[in-house]
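Working notes, structure below.
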Amino acid sequence: MSSLKHYLQFKDFTQEEYAYIFERAAWIKRKFKGYERYWPLADRTLVMIFEKASTRTRLSFEAGMHQLGGSAIYLNTRDSQLGRGEPVEDAAQVISRMSDLVMIRTFEQDIIERFAANSRVPVINGLTNEYHPCQILADIFTWIEHRGDIKGKTVAWIGDSNNVCNTWLQAAEIFDFKVNVSTPEGYEVEPERAGVAGTHFEAFADPMDAARGAHLVTTDVWTSMGFEAENEERLKDFADFQVDGDMMRVADPSAVFMHCLPAHRGEEVSAEVIDGPQSVVWDEAENRLHAQKALMEYLLLGRVDAS
């Protein structure tokens with residue numbers, strides 16, 4: 001590729017770029033399932049910086065980089081100078097001179113934007129308070145595997161209007177589908193994230209109304225990382241926002257259920273739903289690996305032949 005490209009928000013890529021990445025993800029996944037070695041990133045190094053703990057993000061990026069022939073280095077702020085007050089800009093200058101790709105899982109979006117502005121290599125958003133683009137990358141790839149084109153479909157988001165919800169809203173603008181969002185009072189989508197209400201986004205006070213006729217129903221934990229002090233209050237506020245069997249029954253008969261995990265059965269989702277036949281959460285979790293491998297390949301090599 002001729003110019004440096006980062007992946008900091010879902011809207012950083014075009015629909016055409018996503019079509020290519022999904023095609024590559026499917027091809028790379030077939031290689032993986034067939035136990036066929038594919039090492040396009042041999043001798044390349046990914047640095048993973050974690051200010052927020054993770055299971056799926058670390059595993060999918062670290063395993064993915066190894067499976068592409070490269071290596072991955074794990075850093076957290078307790079083990080680096082970032083945890084001792086080193087400016088983000090200085091850390092970016094140094095880390096990007098010693099690696100080929102950087103993934104950061106942090107708090108404010110501003111941190112990753114500042115890092116990217118001073119990096120000589122591509123930077124990937126592994127999660128911030130505002131956005132989680134790699135999750136929705138995997139989610140839409142999973143939808144395509146199970147149901148095909150997402151254009152014109154309806155996604156029902158039930159629960160907290162968090163970083164995953166914000167990213168679904170960006171994806172809806174790119175792929176031309178609708179997101180019905182239902183949150184408790186006081187947890188609504190921030191106006192600057194909403195896009196054009198009535199075209200790709202609509203808010204509902206009643207979660208059953210949001211789910212009615214939806215093709216994909218999805219949710220997340222009621223208390224996201226960093227909001228643990230609010231847990232007791234949130235359990236009360238979200239009590240009527242569980243995705244259960246009744247809610248899935250008002251959705252489209254072919255609707256699927258997604259959850260970015262970890263899940264709390266009996267809170268945001270019932271065991272009946274997450275362990276039921278409409279759930280695709282395990283495919284969704286695995287697809288973080290394959291979608292991110294396609295993403296890393298694209299950021300480092302640009303478009304490659306499918307052969």
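Here the structure is a predicted model, which is why all the values come from computation and not from measurement.
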Quiz item: Could Glu272 and Arg249 be called an ion pair, given the rule that one side-chain N must be under 4.0 Å from one carboxylate O?
Solution: yes
Quiz item: With no hydrogens and no angle check, do the side chains of Asp12 and His6 hold a donor and an acceptor under 3.5 Å apart?
Solution: no
Quiz item: Are Phe32 and Tyr38 close enough that their ring centers fall under 6.0 Å?
Solution: no
Self-check item: Validation row: Glu284, Gln135 side chains within 4.5 angstrom (heavy atoms)
Solution: yes
Quiz prompt | Polar contact flag, side-chain donor to acceptor under 3.5 angstrom, Gln292-Ser60 | solution = yes
Quiz prompt | Carboxylate-amine/guanidinium contact Glu23 Lys29, below 4.0 Å | solution = no
Self-check item: Gln170 and Gln9: side chain donor to acceptor below 3.5 Å
Solution: yes
Self-check item: For Asp252, side-chain hydrogen bond (donor to acceptor under 3.5 Å, both in side chains) partners two or more places apart
Solution: Ser254
Exercise. Indicate the ring-plane relationship of Phe241 and Phe238, choosing parallel, tilted or perpendicular according to the 30° and 60° boundaries.
Key: perpendicular
Quiz item: So, Asp237 and Arg234, do they make that salt bridge, N to O below 4.0 Å?
Solution: no
Quiz prompt | Val123 and Ile104: CA distance, side-chain angles, deciding distance, side chain to side chain contact (heavy atoms under 4.5 Å, CB included) verdict | solution = CA-CA 7 Å; Val123 176; Ile104 304 177; 4.1 Å; yes
Quiz item: Can you tell me if Ser71 and Arg44 form a side-chain donor-acceptor pair at under 3.5 Å?
Solution: no
Quiz item: Under a 4.5 Å cut-off applied to non-hydrogen side-chain atoms, are Phe175 and Trp143 in contact?
Solution: no
Self-check item: Tyr74 ring center near Phe50 ring center (under 6.0 Å)
Solution: yes
Quiz prompt | Side-chain heavy atoms of Thr128 within contact of Phe107, under 4.5 Å | solution = no
Exercise. Establish, from distance only, whether the side-chain atoms of Glu89 and Gln93 form a donor-acceptor pair under 3.5 Å.
Key: no
Quiz prompt | Check: Tyr131 and Leu169 side chains under 4.5 Å, non-hydrogen atoms | solution = no
Practice problem: Taking the side chain as every heavy atom from C-beta outward, state whether Asn180 and Thr154 have any atom pair closer than 4.5 Å. | Solution: yes
Practice problem: Tell me yes or no: between the side chains of Asn287 and Glu145, is some donor less than 3.5 Å from an acceptor? | Solution: yes
Quiz item: Looking at side-chain heavy atoms only, is the closest gap between Asp160 and Cys165 below 4.5 Å?
Solution: no
Quiz item: Can Arg24 and Glu297 be counted as an ion pair, charged N to O under 4.0 angstrom?
Solution: yes
Practice problem: Among residues two or more places apart or on two chains, list those pairs meeting side-chain hydrogen bond (donor to acceptor under 3.5 Å, both in side chains) that have a residue in residues 206-216. | Solution: Asp209-Arg212
Self-check item: Check: Glu113 and Leu8 side chains under 4.5 Å, non-hydrogen atoms
Solution: yes
Quiz item: Can you find a heavy atom in the side chain of Glu17 that is under 4.5 Å from one in the side chain of Lys5?
Solution: yes
Quiz prompt | Residue pair Tyr7 / Asn125, side-chain donor-acceptor N/O under 3.5 Å | solution = no
Quiz item: How are the rings of Tyr298 and Phe13 set relative to one another: parallel (under 30°), tilted (30 to 60°) or perpendicular (over 60°)?
Solution: perpendicular
Quiz item: Judged by modelled atom types alone, do Asn129 and Lys52 share a side-chain donor-acceptor pair under 3.5 Å?
Solution: yes
Self-check item: His146 and Asp283: side chain donor to acceptor below 3.5 Å
Solution: yes
Quiz prompt | Of Val273, Val164, Val243, the residue whose pairing with Thr219 passes side-chain contact (heavy atoms from CB on, under 4.5 Å) | solution = Val243
